[in-house]
Structures are given as C-alpha cells and as structure tokens.
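Whatever order the structure lists ligands and atoms in, that order sets their numbers, starting from 1. Only a predicted model underlies this, so the values are computations on that prediction, with no experimental measurement involved.
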Amino acid sequence: MNLALLFDEDLTGEGEARLTGRRLAHLRTVLGADVGDRVPVGRVNGDLGSADVVRLTDEYADLRFTLDQPPPAPLPLTLVLAMPRPKMFRRVLQTCAALGVKDLWLIHSLKVEKSYWQTPWLSENHLRENLTLGLEQAKDTLMPTVHVRKRFKPFVEDELPALTAGRRALVAHPGTDTPCPTYVNGPTLLCIGPEGGFIAYEVDKLVEAGCEPVHLGRRILRVETAVPVLVGRLFDACAPVY
Ligand code: SAH
C-alpha cells in the first residue's frame with residue numbers, strides 16, 4: 001500500500017478520515033506509522049495528497065488530510081479479457097488496476113470454463129477490493145470500470161464494433177504473422193485470450209469486429225504475464241503523460 005485510498009464511507013469530516021480493517025493493519029504493522037506521522041493518501045476518483053495520523057488505536061486511525069496532486073493519466077486502453085480462472089483473476093485485476101487500465105471487459109470464450117463465472121471474486125465488493133489494491137500499489141485513484149459479458153457472440157457482434165471504432169484494435173494471438181506494435185500510445189483496444197487461447201472461429205469474429213491479430217514472439221505467456229508485457233509494449237509508462 002503505497003497510498004491509502006479514501007472512500008466516501010471513510011470520511012468523518014472536512015479533510016478528515018478514519019481508517020479501519022486492512023488499511024489500519026497495514027498502517028500499523030507494515031508502515032509502522034504512529035501519531036504525528038505523515039502518510040500518502042488519495043481520494044477515490046480524486047486527487048492525491050498526504051495525511052497526518054492524529055489518533056491511533058487498535059480499532060482505527062484518524063487522519064487529517066490535504067489533497068493537492070492529480071493522479072497519473074489513465075491508459076487510453078480498452079482491455080477485453082477472456083475471463084481467467086478464479087485463482088489468476090484476482091491477481092490479473094490487481095495488475096490491470098496498477099498498470100492504469102480503466103476500461104476492462106471480461107468476456108466468455110470457448111476455453112473459458114463456465115464455472116469461472118461463479119467465482120465470488122466477481123462480486124462488486126471483491127472487484128472493488130482487488131482494484132483498490134492495484135490502485136494503492138501504483139499510487140493511482142481512478143477506479144476502473146469492469147464490464148461482464150458472459151456470451152461471446154452477442155458481445156463481438158453487437159458491442160465490439162462500436163468499441164473498436166476510432167481506435168487501434170488488436171487481438172493478441174500466438175502464431176499470427178504480425179508482431180505486436182510498440183508504443184502505440186493512442187486510443188487502443190486489446191483482446192487477450194483464455195489459458196487455452198482463442199479458437200480460430202473466435203479470432204475470425206474478432207477480426208470481423210475490427211481487431212488485428214498480433215503476436216509476441218514464440219514464447220507462450222500466461223495471461224497474468226501477457227497483460228503487463230502487452231501493456232508495457234503498447235504504452236510508454238515513462239512518458240510524462242502517463
Ligand atoms: N494455448 C494458447 C495460448 C494461450 S496464452 C495457444 O497456444 O494459442 C493466453 C493468451 O495470452 C493468448 O490467448 C494471447 O491473447 C496471450 N498470449 C500469450 N502468449 C502470447 C504470444 N506469444 N503472442 C500473442 N499472444 C500471446
């Protein structure tokens with residue numbers, strides 16, 4: 001937690017917040033914060049700043065904060081991800097949030113097991129919790145939007161063409177002819193497949209909707225590795241704008 005993200009329910013007054021639970025534990029045990037210490041904070045979907053710890057008990061920490069810095073710019077990326085298996089899903093969510101992905105679409109595909117959609121990690125609370133962990137890691141405040149589409153065909157036929165319009169649209173697919181471009185740095189849509197990959201029919205449908213198949217070389221990467229490799233290749237995180 002490089003930042004404590006403050007939500008409406010944490011606010012106790014003008015410029016005042018109370019931390020409990022995970023963030024309190026982190027403050028006390030990892031950061032070793034004490035009364036009088038200053039810690040980095042951010043307001044969800046707002047600015048970054050710092051807070052003085054004014055009271056600290058076993059149950060809560062009271063903070064007085066000021067916010068004076070904008071968060072980093074969002075990536076101009078729409079990420080379309082075949083629903084990963086539950087164990088990987090949490091980590092992928094955190095990674096996406098830490099990398100600056102703000103628009104995430106979780107879609108079905110033949111190699112996505114139906115049971116993956118039953119995971120409790122898809123509940124609103126768990127989504128928020130894992131996205132928060134990623135934002136706090138990266139010192140960002142802008143909460144990503146997650147869209148869930150449990151049917152492949154209606155999504156690619158009815159919604160995807162509008163999402164690819166006016167953007168560079170790519171589908172990462174091993175074994176295709178075109179290497180993934182580098183530093184696109186503009187509006188982009190990227191599709192990443194499930195552990196078993198997209199089947200040929202699905203790639204054809206994604207191409208019909210405006211996506212260009214691209215590869216990352218001969219090594220087949222796990223989804224959790226492919227996401228940061230692709231984002232790192234398409235967007236220059238050191239550029240002043242990001
Ligand atoms: N078994 C599948 C690979 C699945 S890897 C196959 O051989 O096709 C999971 C997803 O990560 C892929 O669908 C793709 O979107 C992405 N990916 C992993 N390695 C890649 C590579 N070398 N080139 C392009 N995409 C890759």
Side-chain angles (χ1 to χ4, degrees), residues 75-119 121-122 130-131 134 144-157 159-161 163-164 167-237:
L75 287 184
L77 174 66
T78 296
L79 183 59
V80 177
L81 197 64
M83 182 64 187
R85 69 172 58 246
K87 212 175 129 202
M88 195 188 278
F89 178 51
R90 282 181 67 216
R91 287 199 300 268
V92 170
L93 272 180
Q94 293 177 23
T95 302
C96 288
L99 289 169
V101 175
K102 301 300 175 195
D103 193 25
L104 179 61
W105 295 71
L106 298 168
I107 66 162
H108 192 63
S109 138
L110 190 80
K111 304 268 175 81
V112 169
E113 285 177 28
K114 289 259 164 59
S115 64
Y116 295 179
W117 294 111
Q118 307 306 321
T119 177
W121 297 116
L122 268 174
N130 283 295
L131 295 169
T145 307
V146 179
H147 312 262
V148 174
R149 294 295 182 268
K150 298 185 187 176
R151 292 174 64 214
F152 179 82
K153 201 163 164 241
F155 170 71
V156 288
E157 288 185 351
E159 294 190 274
L160 191 56
L163 295 174
T164 58
R167 291 194 177 93
R168 180 98 190 242
L170 307 168
V171 46
H173 191 55
T176 48
D177 294 336
T178 314
C180 180
T182 54
Y183 298 149
V184 166
N185 286 340
T188 306
L189 179 140
L190 172 67
C191 305
I192 301 182
E195 250 172 89
F198 285 125
I199 58 168
Y201 163 82
E202 291 169 336
V203 175
D204 289 347
K205 295 297 282 181
L206 293 168
V207 169
E208 258 174 49
C211 301
E212 180 189 3
V214 295
H215 73 82
L216 281 176
R218 288 169 53 192
R219 293 169 207 273
I220 306 295
L221 305 176
R222 281 179 191 273
V223 173
E224 64 193 299
T225 310
V227 170
V229 167
L230 284 157
V231 169
R233 193 169 162 95
L234 294 171
F235 302 98
D236 179 3

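- Using modelled atom types, one finds a donor on one side chain and an acceptor on the other under 3.5 Å when comparing D103 with T78.
- No donor-acceptor distance shorter than 3.5 angstrom exists from the side chain of R151 to the backbone of H108, with no hydrogens or angles considered.
- In this structure a side-chain-to-backbone donor-acceptor pair under 3.5 Å is present from T164 to A209.
- In this structure, the protein non-hydrogen atom closest to atom 12 (C) of ligand 1 is G193 N, 4.0 Å.
- Of the charged side-chain nitrogens involved, none lies within less than 4.0 Å of a carboxylate oxygen, so that K111 and E195 do not count as a salt-bridged pair.
- The distance criterion of under 3.5 Å between nitrogen or oxygen atoms is met by R219 with respect to ligand 1.
- With respect to the salt-bridge test (charged N to carboxylate O, under 4.0 angstrom), the residues K205 and E208 qualify.
- Residue-ligand proximity, I220 to ligand 1, at heavy-atom distances under 4.0 Å covers atoms 3 (C), 5 (S), 19 (N).
- Separation of atoms CG (L81) and CZ (F89) is listed at 8.5 Å; rounding is to 0.5 Å.
- In the vicinity of E195, heavy-atom distances shorter than 4.0 Å reach the ligand 1 atoms 1 (N), 2 (C), 3 (C), 4 (C).
- Near A172, with a cut-off below 4.0 Å to any heavy atom, the atoms of ligand 1 are 14 (C), 15 (O), 24 (C), 25 (N).
- Protein heavy atom closest to atom 8 (O) of ligand 1, with residue, atom name and distance, is P174 CG, 3.7 Å.
- Here the shortest heavy-atom distance to atom 2 (C) of ligand 1, taken over G196, C191, G175, belongs to G196.
- Closest to atom 9 (C) of ligand 1 among all protein heavy atoms lies P194 O, 3.2 Å.
- At the shortest separation from atom 19 (N) of ligand 1 among protein heavy atoms lies L221 N, 3.0 Å.
- Atom CE of M83 is separated from atom OG of S115 by 9.5 Å, given to the nearest 0.5 angstrom.
- Every atom of ligand 1 is numbered from 1 in the order shown, and the set under 4.0 Å from a heavy atom of V223 is 9 (C).
- Taking OG of S109 as the start and OH of Y201 as the end, the distance is 11.0 Å to the nearest 0.5 Å.
- When only modelled atom types and interatomic distance are considered, D177 and H215 share no side-chain donor-acceptor pair under 3.5 Å.
- Without hydrogens or angle criteria, N185 side chain to D236 main chain gives a donor-acceptor distance under 3.5 Å.
- Atoms of ligand 1 found under 4.0 Å from any heavy atom of G197, numbered from 1 in the order shown, are 2 (C), 4 (C), 13 (O).
- Closest to atom 23 (N) of ligand 1 among all protein heavy atoms lies L216 N, 2.9 Å.
- Within the 4.0 Å heavy-atom criterion, neither part of R222 lies near ligand 1.
- The shortest contact between atom 17 (N) of ligand 1 and any protein heavy atom is with A226 CB, 4.1 Å.
- Checked against a 3.5 angstrom limit, the closest N/O atoms of I192 and ligand 1 fall outside it.
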